[in-house]
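Proteins get letters first, then strands, A, B, ... in listed order; numbering begins at 1 in each.
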There are 2 protein chains.
Amino acid sequence: MKLNTKSRYAVMALADMAVFSCDNAVSLRDISLRQGISLLYLEQIFLKLKKNNIVKSVRGINGGYILVKSPKELKISDILLALDQKVKTIGCKKDSKKSCNGKSTKCITHNFWDELDIHINSFFESKKLIDLLKHREARL
Amino acid sequence: MKLNTKSRYAVMALADMAVFSCDNAVSLRDISLRQGISLLYLEQIFLKLKKNNIVKSVRGINGGYILVKSPKELKISDILLALDQKVKTIGCKKDSKKSCNGKSTKCITHNFWDELDIHINSFFESKKLIDLLKHREARL
DNA sequence: TATATACCCGACTAAAATAGTCAAGTTTTT
DNA sequence: AAAAACTTGACTATTTTAGTCGGGTATATA
Ligand code: FES
Ligand code: FES
């Protein structure tokens with residue numbers, strides 16, 4: 001049960017932007033250097049963030065990305081959603097007719113995993129980007 | 001961010017035992033049939049459960065497995081632990097000197113992921129096996 | 001207007017994790 | 001003796017992950 005690096009890097013990069021941007025665009029190159037994330041990988045990540053309206057881009061020289069919402073308003077759940085990182089701890093789809101075991105009835109544990117998903121999601125919903133910056137003595 | 005099937009099946013199988021055992025051993029064959037889980041896979045899972053003292057085995061004919069603790073006392077976190085399913089949402093080890101990015105300082109998001117882990121773990125700690133059996137109308 | 005900077009985008013791939021199987025046992029009850 | 005059921009390690013196909021690559025396009029500035 002671990003988060004993938006894409007989601008992790010996305011949160012990291014956006015946190016970086018929140019720290020360093022003074023309303024002007026932050027280039028991926030800078031984020032890459034500061035946070036030690038591959039530039040090519042960041043591009044892939046920001047493509048999704050842009051498509052999902054988490055950031056907007058400024059092209060050309062001195063270009064980069066800008067946060068659409070303020071760190072105070074941007075929920076972590078929004079970020080994860082942008083990266084298709086569904087918090088679905090099991091395979092069994094809520095809407096699908098098929099349950100996890102291929103049968104038509106729900107398995108004995110179904111409700112429990114549902115509860116778990118809700119529990120985790122509510123955490124991500126409750127946290128905003130700005131919450132990451134509270135105690136940042138430990139930042140590089 | 002999903003749970004692996006081993007953990008899922010483990011919880012499922014133990015819940016099955018809690019429902020069907022009347023103090024006598026439950027064979028993996030029966031669990032396999034009732035829950036639709038591969039017998040061979042169950043064997044692998046129960047090996048770990050046994051090593052971690054979640055179940056004990058009774059060999060020979062009419063043998064099977066028995067829960068060591070009562071469903072009222074068996075925490076879900078114990079089950080997951082037995083299957084090495086650490087709830088460590090990121091790679092960065094708490095004790096290791098190395099942080100997620102290979103640097104010696106903790107990254108900007110470190111504390112947040114720690115909080116997340118605690119949040120999830122506390123859920124698994126708070127839930128007992130018996131909690132899964134509450135509303136089991138939906139059981140097969 | 002040349003050019004460097006930086007975003008854009010799809011396709012590709014190596015490596016790791018997962019999910020599950022197989023073979024060859026051992027133990028115990030009937 | 002035979003059958004049921006646990007024991008164990010090794011093996012493998014598939015999927016997912018974590019990235020890379022190549023070839024773009026847009027724009028500020030010199
Ligand atoms: S039926 Fe939904 S988790 Fe098994
Ligand atoms: S340093 Fe621990 S998560 Fe990055």
Side-chain angles (χ1 to χ4, degrees), chain A residues 1-10 12-13 17 21 24-33 35-52 54-68 80 83-86 88-92 100-102, chain B residues 1-10 12-13 17 21 24-33 35-52 54-68 80 83-86 88-92 100-102:
Chain A
M1 174 113 121
K2 60 190 227 288
L3 215 54
N4 61 20
T5 57
K6 259 180 195 150
S7 305
R8 191 153 56 77
Y9 288 167
M12 211 162 154
M17 286 176 70
S21 103
N24 29 19
V26 180
S27 75
L28 293 189
R29 193 173 156 278
D30 287 354
I31 298 176
S32 168
L33 290 173
Q35 303 299 330
I37 305 170
S38 148
L39 175 61
L40 292 158
Y41 206 23
L42 276 177
E43 288 186 346
Q44 205 184 110
I45 291 165
F46 272 74
L47 209 65
K48 291 198 171 200
L49 291 176
K50 190 195 170 181
K51 268 186 188 143
N52 286 276
I54 307 292
V55 294
K56 59 190 169 195
S57 65
V58 179
R59 299 187 73 152
I61 212 163
N62 287 328
Y65 288 93
I66 300 175
L67 289 171
V68 168
L80 300 185
L83 288 148
D84 315 312
Q85 184 61 30
K86 294 171 203 65
K88 201 76 201 56
T89 46
I90 44 139
C92 171
C100 70
N101 47 19
Chain B
M1 175 115 122
K2 59 190 228 287
L3 215 54
N4 61 20
T5 57
K6 260 180 194 150
S7 305
R8 191 154 56 78
Y9 287 168
M12 211 163 153
M17 286 175 70
S21 103
N24 29 20
V26 180
S27 75
L28 293 189
R29 194 174 155 278
D30 288 353
I31 297 176
S32 167
L33 290 173
Q35 303 299 332
I37 305 170
S38 148
L39 175 60
L40 292 158
Y41 207 22
L42 276 177
E43 288 183 347
Q44 204 185 110
I45 291 165
F46 272 74
L47 206 66
K48 292 197 168 201
L49 291 176
K50 190 193 171 181
K51 268 185 187 144
N52 287 275
I54 306 291
V55 295
K56 58 190 172 195
S57 65
V58 179
R59 300 187 72 150
I61 211 162
N62 287 331
Y65 289 92
I66 300 176
L67 289 170
V68 168
L80 300 186
L83 288 148
D84 315 312
Q85 183 62 28
K86 295 170 203 68
K88 201 77 202 52
T89 45
I90 44 141
C92 170
C100 70
N101 47 19

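- By the side chain to side chain contact (heavy atoms under 4.5 Å, CB included) test, B:Asn62 pairs with no residue at all, sequence neighbours left out.
- Atoms NZ (B:Lys48) and C1' (D:dT8) sit 13 Å apart, rounded to a whole Å.
- Nearest to the side chain of B:Leu28, among D:dA18, D:dC6, C:dC8, sits D:dC6.
- Of the inter-residue distances, the one linking A:Leu3 atom CG with A:Tyr9 atom OH reads 12.0 Å to the nearest 0.5 angstrom.
- Distance check, rounded to the nearest 0.5 Å: CG of A:Asn52 to CG of A:Leu80 gives 11.5 Å.
- Between the C1' atom of C:dC7 and the CD1 atom of A:Ile45 lies a distance of 15 Å, rounded to the nearest Å.
- Rounded to the nearest 0.5 Å, atoms NZ (B:Lys51) and CG (B:Leu83) are 11.5 Å apart.
- Contact between the side-chain N/O atoms of A:Thr5 and the OP1/OP2 oxygens of D:dA18 is found at a separation under 4.0 Å.
- Rounded to the nearest 0.5 angstrom, A:Asp30 CG and A:Ser21 OG are separated by 11.5 Å.
- Checked against side chain to side chain contact (heavy atoms under 4.5 Å, CB included), B:Ile61 has no partners two or more places apart in sequence or in another chain.
- Taking CE of B:Met17 as the reference point, atom CD1 of B:Ile66 lies at 7.5 Å (rounded to 0.5 Å).
- B:Tyr65 comes within 4.0 angstrom of sugar-phosphate atoms only, judged by non-hydrogen atoms across all strands, and of no base.
- Legend: residues meeting salt bridge (charged side-chain N to carboxylate O under 4.0 Å, His left out) with A:Lys48, ordered by chain and number and at least two apart, are A:Asp84.
- Taking all atoms of both residues into account, the shortest heavy-atom contact from A:Gly63 to A:Ser27 is O-CB, 3.9 Å.
- The distance from atom CZ of A:Arg8 to atom C1' of D:dT17 is 12 Å, rounded to the nearest whole Å.
- In this structure, A:Leu40 places its CG atom 14 Å from C1' of D:dG24, rounding to the nearest Å.
- OP1 or OP2 of C:dA19 has not a single side-chain nitrogen or oxygen of B:Tyr9 nearer than 4.0 Å.
- Scanning for side chain to side chain contact (heavy atoms under 4.5 Å, CB included) contacts around A:Asn24 gives A:Cys22, with sequence neighbours left out.
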Would you give me the side-chain donor-acceptor pairs under 3.5 Å for residues 37-47 of chain B, sequence neighbours excluded?
from    : atom 1 : to      : atom 2 : distance (Å)
B:Ser38 : OG     : B:Leu40 : N      : 3.3
B:Ser38 : OG     : B:Tyr41 : N      : 3.1
B:Tyr41 : OH     : B:Thr5  : OG1    : 3.2
B:Gln44 : OE1    : B:Lys6  : NZ     : 2.8

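- Protein atom CD1 of A:Ile31 is 12 Å distant from nucleotide atom P of C:dA6, rounded to whole Å.
- Within the 4.0 Å cut-off from OP1 or OP2 of C:dC8, at least one side-chain nitrogen or oxygen of A:Lys50 is found.
- Atom pair B:Leu42:CG and C:dT21:P shows a separation of 10 Å (rounding to whole Å applied).
- If you take CG of A:Asp30 and C1' of C:dC7, they are 14 Å apart, rounded to a whole angstrom.
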Protein heavy-atom contacts under 4.0 Å, written 5' to 3' over nucleotides 24-30 of chain C as B (base), S (sugar-phosphate only) or - (none), form the string -BBBBBS
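- Of the side-chain N and O atoms in A:Ser57, one or more sit less than 4.0 angstrom from OP1 or OP2 of C:dC8.
- For the helix from C:dT1-D:dA30 to C:dT30-D:dA1, the terminal axes (five pairs an end, C1' atoms, rotation from four pairs onto the next four) enclose an angle of 10°, given to 10 degrees.
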Review item, nucleotides 13-17 of chain C N/O atoms under 3.5 Å of protein N/O:
none

Scoring nucleotides 10-15 of chain D by protein non-hydrogen atoms under 4.0 Å (B base, S sugar-phosphate only, - none) yields B-----
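- Take B:Ser57 and apply the side-chain hydrogen bond (donor to acceptor under 3.5 Å, both in side chains) test, not counting sequence neighbours, and it matches B:Lys50.
- One can place NZ of A:Lys51 at 7 Å from C1' of C:dC9, the figure rounded to the nearest angstrom.
- The nucleotide whose nearest atom lies closest to any side-chain atom of A:Arg29 is, among D:dT7, C:dA19, C:dA6, C:dA6.
- Not counting sequence neighbours, A:Arg59 has no partner by the side chain to side chain contact (heavy atoms under 4.5 Å, CB included) test.
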